[in-house]
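This report refers to the structure that appears directly beneath it.
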Amino acid sequence: MQMTAVVELCFVLLLFLLFVSAQAVDRSNFKTCDQSSFCKRQRELKPGQSPYRALLDTLELSDSRLTLQLINDNNKVRLLLELYRLQGNMTRVKINELKPIKPRYEVPDVLISDPITEALSVVSQDDNSLVLSLGGNEQRLIVSAQPFRLDIIEGPQVLMSLNSRGLLAFEHLRVRKDTISHKISSTVGSMWDSIKSVFSSNSESEETTGQQKEEQPTSEDGQIKEEEEEKPGMWEETFKSHSDSKPNGPSSISLDFSLPGVEHVYGIPEHADTLRLKSTENSDPYRLYNLDVFQYELHNPMALYGAVPVLISHSTERTMGIFWLNAAETWVDISSNSPDTVSSDAPQTNVRWVSESGIIDVFIMLGPKPADVFTQYASLTGTQSFPPLSALAYHQCRWNYNDQEDVKAVDQGFDEHDIPYDFIWLDIEHADGKRYFTWDPIKFPTPKDMLKGLMDKRRKLVAIVDPHIRVDSGYRIHNEIRSKNFYVKNKDGGDYEGWCWPGNSGYPDFTNPEMRAWWASMFAYDQYEGSMENQYIWNDMNEPSVFNGPEVTMHKDAVHGVWEHRDVHNLYGLYVQKATSEGLIQRSGGVERPFVLTRAFFAGSQRYGAVWTGDNAAEWGHLKISIPMCLSLGLVGISFCGADVGGFFKHPSAELLVRWYQAGAYQPFFRAHAHIDTPRREPWLFGPENTALIREAVRQRYALLPYWYQLFYNAHNTGQPVMRPLWVEYPAEVITFSIEDEYLIGKDLLVHPVTDEGATGVTAYLPGKGEVWYDVHSLQKHDGDQSLYIPVTMSSIPVFQRGGSIICRKERIRRSSSCMENDPYTLYVALNPQGFAEGELYIDDFHTFNYQKSKQFIHRRLSFSNNSLTSRNLAPDAQFSTESWIERIVVIGGSRPSSVSLISADGVESALEFEFSSNPAVLTVRKPSVSAAADWTVVLRREQFINVYKHLGVRKLGDFWVNYLFKRKDSDWSIFNEKRKLKSAM
């Protein structure tokens, strides 16, 4: 027993030394397309005429579903095509074998419900085509029979074509030729062929001449007698020292999509690459296969930790989306070319999806606007979970804080240096021998005391719980999983085991709902000893990571119930986070919102918490790439994204660390993290000057927490991304389509982080012709539709507020967000050229589900027009009280009033103090002292009209004054209203 422990320790130590000594990812550990046999086979298929033919005489149409059969004229295998028209301008296309010899995997638990269907109707039909109506806007779905092809059109315009390049390929399940069952079925089939040939007439043979070949006969089990040529890797595949037994043989699928008029496509995260997806004609396809990639390379299509098979296309005319619902290893090829019509130079983008197993199940989201696509996708897979406010604040992490005293010292360090933070994190070393759900008895002997100390300061802790479980007969968690038969199985039926941080480990089968329910129950306070309500969870290594597995993950022929791991691989991480999130909800009796961070993810993971971009490095390139990586995730529903501030590997320079804090403060998930082998890098360890710069960046984050919280509330309700590319809000401005070094937070803040070493200036593009933007630091006004050069120093964080917006801030920064809950608000009113602005304010208890269960929240519309700022209730059926009030109002871009007054909900008017500066034009109204939950109006009055009223009286004004006022070319809406009043008074 002792020898086994020593061997395990040596193995893990060797792995650790390999990890910390490596300088970058070892690409030889991960497959290329040529090394993945199904990808290679599919890529060998070149565009051309498809062998598939639609059998229109098999058509069946109900109110919501159309089915017809497809036949491959090369091998006579029949497929079943299903078409659905879905509510919200979407179309669903499913293709499966008509009679598979065993069921093929269909992804469960990702869709939030069965999509609502709408009626399909046949518009016309002939011998080779079928035209279906997709509802209004003259949308039609054309089914072409030979070769099989689908075209979605709107009026005369083709929006999207499927199989137009003939790349539909469906490897049917079959019996292996060298098996006994195959030999029996082949012998019986041959005998039947001989018998039939005796009784067949020559006339019957002649009838087939010149006609389409009919299906070849099959055995009783539906097996095709004559198979295609077998190729290497169909029935067994080897990569390095690992063998994949492939008991079901070849089962890959492929389908191509053509997008006329489209040059820009986005999405399919996760890749450390540009926001706009590149052509893969001269490289590997983009790969979607969740993997533990150590210190990943930049600007290549290698797979990383998560996979969301959603691609978004955008042009000045339309935004659309393709959701390929398949959890197996997937590759995505992208190419661009002109249409076949010689007379047109219009661009076209072609996208080809290839997956190793499962079925074709694709949702086509027809937009037409970006916001429509986000809404459509959210209706399928759900919206971003609404986090507690504290999760949007600053997080301090490293691998590892050594013990309870270390945690206490770091916590005190933040107070001593006046830097707010909400969460401190513990990595794998906190547990007893890396046995999750436990605490190291020497380093963390009294975890509740530690947690209570943090709670006294209204702070919280995150502890890591990974899904690999140490195989140890003295470990309760392992024993329960084994006794309940909840581990993933190997191909021979035993518990699957592999190496990870604890040494030899088992892997719970999270695809099993009973296993997930048990896992969730382990987070109960009486099960997870030492845990408290201010402890939250981090799921790492959940790709799953298997150090001694193929590509550092689980063998594909491992078994989850009746399915192979190859079928479910990309779902594993989602299931881990789902079970953990449900556990945190259950431990509070369903009251408290959870916070769970995951590294691996899939479509729908947004429902369960946050993600981060994994094991990055302290390099300028990794700081830069964090922006397009998080933007890509936001486009596919996962708004709660961030990167390790400072870089996980290596040690950042002071300049890089400061710039990363400045960038991270304006990204949704804001956490600093570092590898165990790096020097300590708490914010105060780089000298007083850099500490001050980091402090200011963190304080800017805390001041904007009301805005972040409101955006996440809206994302939770609507599916709109929090962090957005510029083209989302400016879809007709082509210059924005490839911008990835700046972005929008919501629609009202534009951020251009400084991401170059030694930078003395940046050039930011400010979108919107006829719009204005205000520097949030200097409040200077800048016109939209221009590239603006901005000189920068080390203290600079270029951020602009859109003219026409109102943003709520809290400017009394305290030690944590919880300490600021009842603090007053400052409203920043940035006027557009028409003197208008609007925004929102959302308030609840910041941590429970009461906003949802009993409508306990405040949601208000703030609008400025006609020189009046008004707050009105957007949710009159909601009830919530708050101690917060409006402390200050800052109006940017207006003119000096002669007086400012507050009109309360009961009509009482009172004068307010104010200050005005002309350069820049900023009006500051101090202490309106009105409740943030109340109806109120603040009115700005101009001096010239007060004098008119006071000295002459409205009805005694002569023509001179009326003509004077009406001849003035004044764009101020208040002047216009006064003119109108004067005219009516005469």
Side-chain angles (χ1 to χ4, degrees), residues 388-390 392-394 418 420 422 457-458 696 698-713 746 748-749 776-777 779 801 805-830 837-847 851 856-864 868-875 878-892 900-906 908-916 922-940:
L389 175 68
S390 56
L392 300 177
Y394 174 62
D418 194 24
D422 271 62
K457 294 183 177 182
R458 305 186 73 177
E696 174 57 24
V698 177
R699 287 172 67 87
Q700 287 185 32
R701 172 55 166 243
Y702 276 72
L704 274 171
L705 282 176
Y707 183 62
W708 284 105
Y709 197 60
Q710 171 230 312
L711 289 175
F712 269 88
Y713 176 74
D748 296 334
L749 282 184
V776 300
H777 308 297
L779 304 185
Q801 182 173 344
S805 66
I806 300 174
I807 290 179
C808 303
R809 298 173 180 253
K810 286 191 175 183
E811 298 191 328
R812 300 185 185 186
I813 310 303
R814 304 186 191 276
R815 64 162 50 123
S816 73
S817 66
S818 297
C819 295
M820 299 167 59
E821 287 178 359
N822 295 318
D823 282 350
Y825 291 89
T826 294
L827 311 183
Y828 280 79
V829 182
E838 64 178 352
E840 296 177 29
L841 174 60
Y842 177 83
I843 305 171
D844 58 20
D845 62 21
F846 303 114
H847 62 94
Y851 77 94
Q856 295 185 30
F857 64 89
I858 296 164
H859 193 194
R860 303 199 67 82
R861 166 71 67 190
L862 304 169
S863 60
F864 186 98
S868 295
L869 174 64
T870 301
S871 173
R872 65 179 179 86
N873 196 353
L874 284 175
Q879 298 293 327
F880 188 72
S881 60
T882 178
E883 296 178 25
S884 295
W885 48 285
I886 307 302
E887 179 178 41
R888 193 162 53 135
I889 299 169
V890 181
V891 182
I892 315 165
V900 180
S901 61
L902 171 71
I903 302 175
S904 62
D906 56 8
V908 176
E909 184 169 353
S910 56
L912 298 176
E913 297 180 0
F914 66 92
E915 296 176 357
F916 183 81
V922 178
L923 170 69
T924 303
V925 181
R926 301 192 182 281
K927 295 185 178 179
S929 300
V930 63
S931 171
D935 290 341
W936 50 264
T937 298
V938 170
V939 179
L940 314 184

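Only heavy atoms go into these numbers, but all of them, side chains included; no hydrogens, no water, no symmetry mates.
A 6.0 Å sphere centred on CD of Glu811 holds more than 12 heavy atoms belonging to other residues, nucleotides or ligands.
With a 4.5 Å cut-off on side-chain heavy atoms, Ile843 and Tyr825 count as touching. Contact of the Arg815 side chain with the Arg458 side chain is not registered, since no non-hydrogen atoms from C-beta on lie closer than 4.5 Å. Put simply, the side chain of Arg861 reaches to within 4.5 Å of the side chain of Glu840, judged on heavy atoms. By the 4.5 Å heavy-atom criterion applied to side chains, Tyr828 and Arg888 are counted as neighbours. At a threshold of 4.5 Å between non-hydrogen side-chain atoms, the residues Met820 and Tyr702 count as touching. Side chains of Leu749 and Val776 form a contact here, defined as non-hydrogen atoms less than 4.5 Å apart. Contact of the Asp845 side chain with the Phe880 side chain is registered, since non-hydrogen atoms from C-beta on lie closer than 4.5 Å. Annotation: side chain of Leu869 is in contact with side chain of Ile806 (closest heavy-atom distance under 4.5 Å).
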Let me check something: any side-chain donor-acceptor pairs from residues 703-713 under 3.5 Å, sequence neighbours excluded? List them with distances.
unit_1: Tyr707; atom_1: OH; unit_2: Ile745; atom_2: O; d: 2.7
unit_1: Tyr707; atom_1: OH; unit_2: Asp748; atom_2: N; d: 3.4
unit_1: Tyr709; atom_1: OH; unit_2: Arg593; atom_2: NH1; d: 3.1
unit_1: Tyr709; atom_1: OH; unit_2: Arg593; atom_2: NH2; d: 2.9
unit_1: Tyr709; atom_1: OH; unit_2: Asp844; atom_2: OD1; d: 2.6
unit_1: Tyr709; atom_1: OH; unit_2: Asp844; atom_2: OD2; d: 3.1

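Between Asp422 and Ser817, the shortest heavy-atom contact is OD2-OG, 2.6 Å. Taking every heavy atom of both residues into account, Ala934 and Val930 meet most closely at CB-CG2, 4.2 Å. Across Pro420 and Val698, no two heavy atoms sit closer than the pair O-CG1, 3.5 Å. Taking both residues in full, the closest heavy atoms of Leu827 and Cys808 are given as CD2-SG, 3.5 Å, listed atom of the first, atom of the second, then distance. Of all heavy-atom pairs between Ala830 and Gln801, the closest is CB-NE2, 3.6 Å. Counting all heavy atoms, side chain and backbone alike, Pro928 lies closest to Leu902 at O-CD2, 3.5 Å.
Considering Asn873, Thr882, Leu841 as possible partners of Ile858, the one that fulfils the side-chain contact (heavy atoms from CB on, under 4.5 Å) test is Thr882. Of the candidates Ile886, Ile889, Val890, Thr924, Val890 is the only one forming a side-chain contact (heavy atoms from CB on, under 4.5 Å) with Thr826.
When the side chain to side chain contact (heavy atoms under 4.5 Å, CB included) test is applied to Glu909, the partners found at least two apart in sequence or on another chain are Ser901, Ile903, Arg941. With sequence neighbours left out, Ser871 forms a side chain to side chain contact (heavy atoms under 4.5 Å, CB included) with Arg860, Leu862, Trp936. Taking Glu696 as the reference, Gln700 meet the side chain to side chain donor-acceptor pair (under 3.5 Å) condition, with sequence neighbours excluded. For Arg812, the side chain to side chain contact (heavy atoms under 4.5 Å, CB included) partners at least two apart in sequence or on another chain are Arg814, Asp823, Pro824, Trp885, Glu887. For Ala878, the side chain to side chain contact (heavy atoms under 4.5 Å, CB included) test picks out Lys855, Phe857, Ala875, with sequence neighbours left out.
Taking CG from Leu912 and NZ from Lys927, the interatomic distance works out to 12.0 Å, rounded to the nearest 0.5 Å. For the atom pair CG of Leu392 and CZ of Arg701, the computed distance is 6.5 Å after rounding to the nearest 0.5 Å.
Formation of a donor-acceptor pair under 3.5 Å by the Ser390 side chain with backbone atoms of Pro388 is not found in this model. Proximity of a side-chain donor or acceptor of Asp935 to a complementary backbone N or O of Ala905 within less than 3.5 Å is not detected.
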